[in-house]
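Note: hydrogens, waters and symmetry copies are ignored here, and every other heavy atom, side chains too, is used. First listed ligand is number 1; within each ligand, the first listed atom is number 1.
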Amino acid sequence: MPPRHLYIHVPFCARRCSYCDFSIAVRSSTPVEEYTSALRAELASGVIRGSTLDTVYLGGGTPSRLGGLGVADVLTSVRDHASIAADGEITIEANPDDVNDVAVAQWVTAGVNRVSLGSQSFDDSVLEWMHRTHDAPQISRAVKALRRGGISNISLDLIFALPDTLKRSWERDLTLALDLEPAHVSLYGLTVEAHTPIARWRDRGAIVEGSEDTYEQEFLLAHELMVNAGFVHYEVSNFARPGRASHHNSAYWTGAPYAGVGPSAHSFDGASRRWNVSAYSKWVRCLADGQSVLAGAETLTEENREAEEVYLGLRTRNGLQIDATEVDTTARWIDAGWAELDGSQLRLTPLGWLRLDSLAADLVARRTRKLDEVLSPTPSHCYI
Ligand code: SF4
């Protein structure tokens, strides 16, 4: 079946944020024509031929660095090879400092109907520490420009669990985000990844990572404030007003097939996963030379599928269907307030989401053992 979801990786950023280990290309000026030409060549290879796309997601990096016309060019190339459903969701990730009336008008004309704004904090000193390219007032200016241009489906990203020394008020940031009345909010706990500026700061003792207690308190405070404000906590990191959940990300969480184009983009056809070369310059060169940009592929085993089903199910509010043999296993989760059982549907609570990895690993281990027993049953006869 042709994929119904398309991810387009746009790798450009003006500078690297202090916490970021994504596959990006730091450029002071964005090579829009070079990128859109290479993308046209990749799309012409047939990855979305015959598709009717329900969602298109331009992620990065910073897709808004393509400007209004660059984004329009990308979407024209997509339409050259596939249809986009009349009610299709077309999202771009944007930095607040790239949002202005001209760009918004061009995005809307091109079909963009959802914008995910990289806000991260409303505290200027924190934004500076993060090496963000915008300040706090630019966030509300961007939201106003998006609304003026006709985009109401606006998501804000915020980061929590920052080092205590920054003295960031998480409650103030959440309140200021809610004051902007977004349709959707994504919250990410700060993790210190290798080879990032903050990893170097930590290694030389200049910062101490936020504690587990801070992480837990801020996650639970966010859940409380957001739910009280009318949002549905529909996935471990995501909150939406009713009817405003991200269709694109929800497709990932249900295991739907998707195509990915651009450097480092991943694709999934329902059985196997493929991924592109990650370096931007190599991706451009391969396409210019008519070579494949495929860097690797893996076919999911039964065990992989079980693990994915458990992780994806438990991270969403929809939850995971369990069978009678798993009810005993999960009873203690319910006693501890980590999960709820609705018929045979098991859902993690916010307290459970704080333990998502270990709870999912526990269930995966049990399912894998059961699978092994089915695939390699213990001999019932003794051959002497
Ligand atoms: S804007 Fe996003 S992708 Fe770019 S450096 Fe910052 S966090 Fe990374």
Proximity flag Arg132 to ligand 1, non-hydrogen atoms under 4.0 Å: yes
Proximal ligand 1 atoms for Ile24, defined as those under 4.0 Å from one of its heavy atoms: 3 (S), 5 (S)
Closest heavy-atom pair and its distance - Tyr7, Gly59: OH-C, 3.3 Å
Proximity winner for atom 6 (Fe) of ligand 1, if only heavy atoms of Cys17, Ala94, Ser18, Gly59 are counted: Cys17
Arg15 neighbourhood, listing ligand 1 atoms whose heavy-atom distance to it stays under 4.0 Å: 5 (S)
Arg332/Asp362 under salt bridge (Lys or Arg N to Asp or Glu O under 4.0 Å): CA gap, chis, key distance, verdict: CA-CA 12 Å; Arg332 71 182 177 87; Asp362 190 1; 3.2 Å; yes
Closest approach of Ala183 to Asn153 (non-hydrogen atoms, all atoms of both residues): CB-OD1, 3.6 Å
Proximity winner for atom 2 (Fe) of ligand 1, if only heavy atoms of Pro63, Ser64, Gly61 are counted: Gly61
Heavy-atom nearest neighbour in the protein, as seen from atom 8 (Fe) of ligand 1, with distance rounded to 0.1 Å: Cys20 SG, 2.3 Å
Option nearest atom 7 (S) of ligand 1 (shortest heavy-atom distance, choices Phe12, Tyr19, Tyr188): Tyr19
Contact atoms of ligand 1, heavy-atom distance to Cys13 under 4.0 Å: 1 (S), 3 (S), 4 (Fe), 5 (S)
Atom indices of ligand 1 within 4.0 angstrom of Thr62 heavy atoms, with elements: 1 (S), 4 (Fe)
Atom CZ of Arg49: over 12 foreign heavy atoms under 6.0 Å: no
contact_flag Met130 ligand 1 heavy-atom lt 4.0 Å: no
Ring-face cation contact, Phe268 with Arg273, 6.0 Å cut, 45° max: yes
Main-chain N/O of Glu326 paired with Asp323 side-chain donor or acceptor, under 3.5 Å: yes
Mutual orientation of the aromatic rings belonging to His5 and His248 [parallel < 30°, tilted 30-60°, perpendicular > 60°]: perpendicular
